[in-house]
Amino acid sequence: MTVLLSYNTLGTLLKNSSEPLIDSDRESNKSDDSDVMKEQQMCTWNPKFEKWHECVVTFSPPALMITEYEDLRLEVNEKQLLHLKQNWFHGDLTRREARSILSDFNGGSGSFLVRTSESYHGKFAISFVHESKVKHVVIESKREPVAGILYYVTPNGPFFSSLYELIEEAKVSALIQNHIFDVKLGKCPPKPDQRWLHRGVKSLSQAEQILRKEHRDGAFFVYRTQSDYAPYIVAYRSNGSILHNLIVAAQRPTSGYSLNNVTAPVLYKLIHYFMENPINGSTVLKHPVEDRDPVTSNCGIAIRDVHGERSNKDLSFPTGSLITSISQKSTEWSTGDHRGDKQMYFPTDSVRLLTKDEMAYISELRSTRDRSESNDPKVKDSYHSVTLNLQNDYAVSFSQEDKSAKNSTIITIEPVNPMIKDSFRKFKLSCPSAEDLEMWYQTLQQGNCLPKAIQDEDFQLYPIEGPGKKSCVIC
């Protein structure tokens with residue numbers, strides 16, 4: 001329990017200040033309250049990642065600015081990657097391919113799959129069956145400065161911090177609805193078996209290098225190109241030679257894919273046709289060559305906080321950080337890159353290697369963010385600032401938890417105005433010590449940011465009995 005000290009600000013403006021930070025504990029000889037200034041390095045609680053982040057707090061009445069060191073959008077929440085492992089996520093599909101898969105599945109109303117949007121770059125779409133017809137709905141997303149990416153179907157929400165959470169909720173409640181349909185998601189078709197699809201092959205010479213190790217006629221695999229006209233190539237062995245056939249994107253009204261005058265609505269159906277019928281002379285695609293590249297990339301996600309003991313050799317990073325260029329040196333130690341630190345050591349078991357699909361998704365998130373925010377004045381460098389203007393919208397409280405615990409001296413800034421309560425989050429700031437907590441109380445007091453009734457009261461921490469051994473300011 002905390003005791004509210006004052007009903008203060010803080011109508012919230014999201015901005016990044018390009019002005020230099022003011023000197024710490026600066027005092028002024030002027031009597032004007034606006035010259036009561038203070039700045040200190042603290043920590044702020046991030047509810048999305050459920051951990052503390054370093055920040056700088058600057059107070060210049062009537063404004064309190066919180067500047068977070070880390071660009072939280074570069075960190076990865078494991079929930080953001082969960083959809084990649086789900087049977088309902090089919091990745092890159094066109095609307096026509098989704099329609100064909102769902103029609104063949106015959107799972108009834110509510111059967112669905114999720115795919116990347118064909119029309120809206122960087123977004124997802126739900127393809128689902130309603131009254132025997134396949135419909136498509138785009139999953140919208142927006143980026144909040146602290147909450148990160150939020151997914152939703154309708155503009156008024158509800159909002160979800162991951163695609164996985166949205167889909168799971170859509171299975172039990174009718175999130176997908178308008179004046180025409182009201183649907184709960186049900187069964188999902190299995191993903192097509194496309195082990196013969198190689199994602200890492202970029203050239204004909206690279207494809208031939210793989211097939212030189214295969215000596216059986218009919219050995220084959222498919223790889224992507226950069227061409228819209230022929231998005232795939234099938235490479236195969238026929239009578240001792242290595243051949244490459246273009247798979248052409250069929251034009252309307254048939255759409256789909258075409259190879260040797262055979263057209264199919266989806267790629268796997270076209271390949272399955274030539275696994276039963278000759279593709280060249282008497283050659284049938286009988287022996288799929290699976291992608292032998294490592295499933296994992298050389299990048300990973302931190303699964304716990306790491307504080308390097310050797311500052312010039314060891315990495316330090318919080319949970320969720322992206323570690324790149326990883327090289328395992330032993331069962332206990334690996335090296336990697338993080339935020340400008342190159343090839344420094346960290347415990348091997350502190351980082352989970354990302355799959356290629358996961359890394360591709362993260363890269364897409366980052367490139368989408370860069371495109372959408374390159375001209376956004378709210379985004380500058382690797383900092384995020386929130387300025388809280390002292391008015392009558394928030395309550396400020398001071399508390400201290402177990403003294404032996406880290407981040408135990410807390411300033412809480414919580415919206416209490418009903419007009420903004422659902423729109424702005426609560427801020428929790430951790431002071432380095434109880435002395436710093438008292439110093440901030442006095443600074444707010446000098447800045448006339450406490451009610452007149454307690455403006456002249458002294459700061460005191462009174463112990464409170466009960467679990468947690470918390471104490472709080474009582475005036």
Side-chain angles (χ1 to χ4, degrees), residues 2 5 8-10 12 14 16-17 21-25 37-60 63-77 144-148 302-309 311 314-322 338-341 350 381-388 394-415 424-444 459 461 468-473:
T2 58
L5 284 180
N8 294 323
T9 109
L10 311 172
T12 303
L14 298 179
N16 268 53
S17 174
L21 295 173
I22 60 178
D23 293 336
S24 179
D25 297 323
M37 297 183 180
K38 179 173 176 57
E39 175 192 305
Q40 187 175 25
Q41 180 173 320
M42 302 171 72
C43 289
T44 179
W45 176 254
N46 183 274
K48 178 182 177 182
F49 294 102
E50 297 184 348
K51 59 192 180 73
W52 294 94
H53 291 282
E54 292 183 343
C55 69
V56 170
V57 179
T58 306
F59 177 62
S60 178
L64 184 76
M65 185 171 72
I66 303 169
T67 303
E68 293 172 312
Y69 280 160
E70 298 170 298
D71 185 351
L72 303 181
R73 296 157 302 181
L74 296 184
E75 296 190 31
V76 183
N77 189 319
E144 294 294 335
V146 175
I303 57 177
R304 59 181 171 87
D305 292 351
V306 170
H307 304 284
E309 296 181 359
S311 59
D314 294 348
L315 282 180
S316 295
F317 46 79
T319 304
S321 296
L322 185 64
H338 174 64
R339 297 190 183 281
D341 293 326
S350 67
D381 300 328
S382 295
Y383 298 93
H384 166 247
S385 293
V386 177
T387 300
L388 308 176
Y394 280 69
V396 178
S397 60
F398 296 71
S399 63
Q400 183 177 32
E401 299 180 359
D402 186 349
K403 293 182 180 180
S404 63
K406 187 178 179 181
N407 299 313
S408 62
T409 48
I410 309 296
I411 300 174
T412 303
I413 305 171
E414 184 171 9
F424 299 108
R425 72 176 178 109
K426 175 172 69 175
F427 287 88
K428 290 178 66 177
L429 301 173
S430 171
C431 295
S433 67
E435 290 74 17
D436 289 293
L437 193 68
E438 179 177 359
M439 188 168 52
W440 274 101
Y441 174 81
Q442 293 171 349
T443 302
L444 289 175
F459 175 91
L461 282 173
K469 298 182 181 179
K470 296 183 179 180
S471 58
C472 65
V473 174

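The first residue of the sequence shown is numbered 1, and numbering continues consecutively from there.
Here the closest heavy-atom approach between residue Thr409 and residue Pro432 is recorded as OG1-C, 4.2 Å. Taking every heavy atom of both residues into account, Met42 and Cys431 meet most closely at CE-SG, 3.3 Å. Closest non-hydrogen pair, Ile413 versus Leu429, comes out as CD1-CD1, 4.1 Å.
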Are Val57 and Gln40 close enough, and set up right, to give a side-chain contact (heavy atoms from CB on, under 4.5 Å), and what steps lead you there? CA-CA 5 Å; Val57 179; Gln40 187 175 25; 5.7 Å; no
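Using a 4.5 Å heavy-atom threshold, the side chains of Ile410 and Ser430 count as touching. Counting heavy atoms from C-beta outward, Phe427 and Leu64 have side chains that stay 4.5 Å or more apart.
To the nearest 0.5 angstrom, Glu438 atom CD is 7.5 Å from Glu435 atom CD. Arg304 CZ to Phe317 CZ: the interatomic distance, rounded to the nearest 0.5 Å, is 7.5 Å. Atoms CG and NE2, on Leu315 and His307 in that order, are 13.0 Å from each other to the nearest 0.5 Å.
Proximity of a side-chain donor or acceptor of Thr319 to a complementary backbone N or O of Asp305 within less than 3.5 Å is detected.
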